[in-house]
A.B. asks: 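I am attaching a structure below and will ask some questions about it afterwards.
Numbers restart at 1 for each chain; the letters A, B, ... are given by sequence-line order, proteins then strands.
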2 protein chains.
Amino acid sequence: MKRDSRLSSVLHALLHMAEQDGPVTSETLAQCLGTNPVVVRRTMGYLREAGIVTSDRGHAGGWRIHADLGSVTLRQLHEALGEPVVFAVGNRNEIPECLVEQSVNAALQGTFAEAEALLLKRFSEITLADLAADFSRRHAAARRKRS
Amino acid sequence: MKRDSRLSSVLHALLHMAEQDGPVTSETLAQCLGTNPVVVRRTMGYLREAGIVTSDRGHAGGWRIHADLGSVTLRQLHEALGEPVVFAVGNRNEIPECLVEQSVNAALQGTFAEAEALLLKRFSEITLADLAADFSRRHAAARRKRS
DNA sequence: TCAAACAGAACATCGTTAGTTACATGAAAC
DNA sequence: GTTTCATGTAACTAACGATGTTCTGTTTGA
């Protein structure tokens, strides 16, 4: 299964942007992510629509975070990306006539719903500020190790 | 994202088999599932390797359940299918050098691991017998409704 | 005016399940 | 023993959606 890594991508991009003062170009972010500027624009476009970032064209243009780091949760980002399907596994037929399949679906659906609810709950508890703080700790630890 | 529906499929097939006395052919199961006999053989083959079902060729051949319904859990079936990836969402790069990405990965990975653990725990609590009982209830309810 | 940057369309790539076709193999019935 | 019914397996196609790429606009500031 090919996994959707857009949430991972935008988090990575947002934290790099948080480290910078001015706007960051798609080109720069693409290098950080090891991908293409067009992919960055496409993905970040979702966040722009959600009002989480802004983009400016022309000279000195690029992407800026348009929100407080502490107020943006992973859940919001997940929603901004269109709430992509979380599970790579699912029911064969969503609205089956067969009673046997209905039993199967009910059991699986309930279980998946429970797991997804937990995932989204955790997502709503983690902010960009949390990740930035975690990065600072790792950064400091890496510096200590180097010296 | 294309979802893996093999667990759903084998559950559907197994419950149909549980309703039958003798062996059930791939052709019959394929009709129940609305698919192709070859797909049935391919998928059920995993369960045969795990010792959950047996298959016989030739006249009066087909598939049989080779275990007690109460002793087979969804988790075992999931494992028999090769423990397919559960999430359609994931990290962009599993072993990043970038410290920023490491922070992102750590947060996401922890959250996904927690949700997956819950899912597998629930899977290990549900047996084929549970699903068969649920089907019986639905079947009885449908009969009452019809009369 | 020019160059830097985003905007967006259009198309290729890739990985995986699912679907299909074809043929071989084995077992029971006649 | 031949026929028929079934699985076993290989090989190929289809579908799907994120990702990657190319190309052409369009806006903005120097």
A.B. asks: Quick one: salt bridge (Lys or Arg N to Asp or Glu O under 4.0 Å) partners of A/R48, sequence neighbours excluded?
C.D. replies: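 For A/R48, no residue satisfies salt bridge (Lys or Arg N to Asp or Glu O under 4.0 Å) once neighbours in sequence are set aside.
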A.B. asks: Check whether any side-chain nitrogen or oxygen of A/R92 sits under 4.0 Å from OP1 or OP2 of C/dG19, and answer yes or no.
C.D. replies: yes
A.B. asks: Donor-acceptor check, side chain of A/T28 to backbone of A/V24, threshold 3.5 angstrom: yes or no?
C.D. replies: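 Looks like no, no N/O pair under 3.5 Å.
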A.B. asks: What is the distance from CG of A/N93 to C1' of C/dT17, rounded to the nearest Å?
C.D. replies: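 The distance from CG of A/N93 to C1' of C/dT17 comes to 16 Å, rounded to the nearest Å.
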A.B. asks: Check the side chains of B/S9 and A/R92 for a donor-acceptor pair under 3.5 angstrom, ignoring hydrogens and angles.
C.D. replies: yes
A.B. asks: To the nearest Å, give me how far apart CZ (A/R6) and P (D/dA18) are.
C.D. replies: 5 Å
A.B. asks: Are side-chain N/O atoms of A/T25 and A/W63 paired as donor and acceptor at under 3.5 Å?
C.D. replies: no
A.B. asks: D/dT7 base to B/R57 side chain: any donor-acceptor pair below 3.5 Å?
C.D. replies: yes
A.B. asks: Please indicate whether A/E94 has more than 12 foreign heavy atoms, meaning atoms of other residues, nucleotides or ligands, lying under 6.0 Å from its CD.
C.D. replies: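 Yes.
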A.B. asks: Which residues satisfy the side chain to side chain contact (heavy atoms under 4.5 Å, CB included) test with B/N105, sequence neighbours excluded?
C.D. replies: A/S8, B/N91, B/P96, B/E101
A.B. asks: Sub-3.5 Å donor-acceptor pair from the side chain of B/Q76 to the main-chain atoms of B/T73, do we have one?
C.D. replies: yes
A.B. asks: How are the rings of A/F87 and B/F87 set relative to one another: parallel (under 30°), tilted (30 to 60°) or perpendicular (over 60°)?
C.D. replies: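 Rings of A/F87 and B/F87: parallel, as their planes differ by under 30°.
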A.B. asks: State whether a side-chain donor-acceptor pair under 3.5 Å links B/T54 with B/R64.
C.D. replies: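 The answer is no; no qualifying pair exists.
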A.B. asks: Starting from C1' on C/dA29, measure out to NE2 on B/H59 and report it in whole angstrom.
C.D. replies: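 Rounded to whole Å, this separation is 5 Å.
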A.B. asks: Specify the residues of residues 21-37 of chain A, ordered by number, for which at least one heavy atom lies under 4.0 angstrom from an atom of DNA chain D.
C.D. replies: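 Those residues whose heavy atoms fall under 4.0 Å from DNA chain D, taken from residues 21-37 of chain A in numerical order, are A/T35, A/N36.
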A.B. asks: Contact between B/M44 and B/S55 at the side-chain level, heavy atoms closer than 4.5 Å - yes or no?
C.D. replies: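 They are not in side-chain contact.
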A.B. asks: Which ones in residues 7-18 of chain B lie close to DNA chain C, meaning a heavy atom under 4.0 Å from one of its atoms?
C.D. replies: none
A.B. asks: Nearest nucleotide by nearest heavy atom, which residue falls closer to the 5' end of DNA chain D, A/S5 or B/G62?
C.D. replies: B/G62
A.B. asks: Enumerate the residues from residues 38-56 of chain B whose closest heavy atom to DNA chain D is under 4.0 Å, giving them by residue number; use none for an empty result.
C.D. replies: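 Residues of residues 38-56 of chain B that come under 4.0 Å of DNA chain D are, in numerical order, B/V38, B/R41, B/R42, B/R48, B/S55, B/D56.
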A.B. asks: Under the rule for side chain to side chain contact (heavy atoms under 4.5 Å, CB included), what residues qualify as partners of B/R137, not counting sequence neighbours?
C.D. replies: B/A133, B/D134
